[in-house]
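Here is the structure we will look at, set down as structure tokens.
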Amino acid sequence: MTEFITKSVDQTRQKASELAKSLKKGSIIGFLGDLGAGKTAFTGGFVEGLGIDADVSSPTFAICNDYVGEENRVLHYDMYRIESWDDLYSTGFFDSIDSGAYILIEWSENIFGALPDDAVIIKIDKLSENERRFTVMSKKEAEELE
């Protein structure tokens, strides 16, 4: 488990870019954090770190945004409105797991049981208007926190 604090959106994006470069292709990242915590900002930096030129936005209404670069692909899910296994199946999430794409999931607590055991969990705490604490951990470590 590792922690870091950022004091601006730019710092958040930079840390996300660094993390993206350190994870293996096909990694699944689940975010835990309230509205406005910085999940989409983090995703923007992550996508940039993989060399993908894209305008990253929240997938709230689309459920999944797909960002494709020359060497990498990121699937950015929003699971806020997912309430059942049927809902989850309808998103295409299970089909994407073995696609080789990086998968970033906002509101991952809504599908926590469906996340693979090797998923990376990032808990984001809003400390102030600009400060965020990021705790990067394994799924097992996240389960032990509860």
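All residue numbers in this chain count up from 1 along the given sequence.
- With sequence neighbours excluded, the residues forming a ring pair (Phe, Tyr, Trp, His ring centres under 6.0 Å) with Phe134 are Phe4, Phe42, listed by chain and number.
- Residues Ile82 and Thr91 have side chains in contact (heavy-atom distance under 4.5 Å, counting atoms from C-beta outward).
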Evaluate Cys64 against His76 for side-chain contact (heavy atoms from CB on, under 4.5 Å), listing each step before the verdict.
CA-CA 5 Å; Cys64 182; His76 180 202; 5.9 Å; no
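- With sequence neighbours excluded, no residue forms a side-chain hydrogen bond (donor to acceptor under 3.5 Å, both in side chains) with Ser17.
- Between Lys21 and Leu50, the closest side-chain pair of non-hydrogen atoms is not below 4.5 Å.
- For Ile97, the side-chain contact (heavy atoms from CB on, under 4.5 Å) criterion is met by Ile28, Phe93, Phe94, not counting sequence neighbours.
- Nearest heavy atoms, Leu115 versus Ser108: CD1-CB, 4.2 Å.
- Looking at every heavy atom in both residues, Ser57 comes nearest to Thr40 through C-CG2, 3.8 Å.
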Might you work through the side-chain contact (heavy atoms from CB on, under 4.5 Å) test for Glu143 and Ile121, ending with a clear yes or no?
CA-CA 10 Å; Glu143 289 170 332; Ile121 305 301; over 6 Å; no
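- Across Asn72 and Ile52, no two heavy atoms sit closer than the pair O-CD1, 3.5 Å.
- Qualifying salt bridge (Lys or Arg N to Asp or Glu O under 4.0 Å) partners for Asp10, counting only residues two or more places apart in sequence or in other chains: none.
- When all heavy atoms of Gly36 and Arg132 are compared, the pair lying nearest together is O-NH2, 3.1 Å.
- Screening residues 86-104 for salt bridge (charged side-chain N to carboxylate O under 4.0 Å, His left out) gives no qualifying pairs among residues at least two apart or on separate chains.
- Counting only heavy atoms from C-beta outward, the side chains of Thr43 and Phe31 approach each other to under 4.5 Å.
- Listed by first and then second residue, the salt bridge (charged side-chain N to carboxylate O under 4.0 Å, His left out) pairs involving residues 22-40 are Lys24-Asp118 (not counting sequence neighbours).
- Two residues are said to be in side-chain contact when any heavy atoms from C-beta on lie closer than 4.5 Å; Glu106 and Pro59 meet this criterion.
- One distance of note links CE of Met79 with CD1 of Ile105; it measures 5.5 Å at 0.5 Å rounding.
- Judged purely by atom type and a 3.5 angstrom limit, Thr135 has no side-chain atom pairing as donor or acceptor with the backbone of Glu3.
- Cation-pi contact between Lys139 and Phe112: present, with separation from the ring centre below 6.0 Å and deviation from the ring axis of at most 45°.
- Checked against side-chain hydrogen bond (donor to acceptor under 3.5 Å, both in side chains), Lys7 has the following partners two or more places apart in sequence or in another chain: Glu131.
- Ile124 and Ala37 make their closest contact through CG2-O, 3.4 Å (heavy atoms, listed as atom of the first residue, atom of the second, distance).
- Applying the side-chain contact (heavy atoms from CB on, under 4.5 Å) criterion to Tyr80, with sequence neighbours excluded, gives Asp78, Trp107.
- Note that the NZ atom of Lys123 and the CD atom of Glu109 stand 10.5 Å from one another [nearest 0.5 Å].
- Tyr67 pairs by the side-chain hydrogen bond (donor to acceptor under 3.5 Å, both in side chains) definition with Asn65, not counting sequence neighbours.
- Following chains of ILVMFWY side-chain contacts shorter than 4.5 Å, one can reach Ile63 starting from Leu75, so the two form part of one hydrophobic cluster.
- Tyr77 and Ser96 share a side-chain donor-acceptor pair at under 3.5 Å.
- Here salt bridge (charged side-chain N to carboxylate O under 4.0 Å, His left out) pairs that include residues 41-69, with residues two or more places apart or in two chains, are Arg13-Glu48, Asp66-Arg73.
- If you chain together ILVMFWY residues whose side-chain heavy atoms come under 4.5 Å of each other, Ile5 ends up grouped with Leu127.
- Under the 4.5 Å side-chain criterion, counting only non-hydrogen atoms from C-beta, Ile122 is not in contact with Leu32.
- Hydrophobic clustering places Ile103 together with Trp85 (ILVMFWY residues linked when any side-chain heavy atoms are closer than 4.5 Å, directly or through intermediates).
- Side-chain heavy atoms closer than 4.5 Å link hydrophobic residues (I, L, V, M, F, W, Y) into clusters, and following such links, possibly through other members, connects Val136 to Val47.
- Every residue two or more places apart in sequence or in another chain was checked for a side-chain hydrogen bond (donor to acceptor under 3.5 Å, both in side chains) with Ser90, and none qualifies.
- Contact detail for Phe46 and Ile29: the closest heavy-atom pair is CZ-CD1, 3.8 Å.
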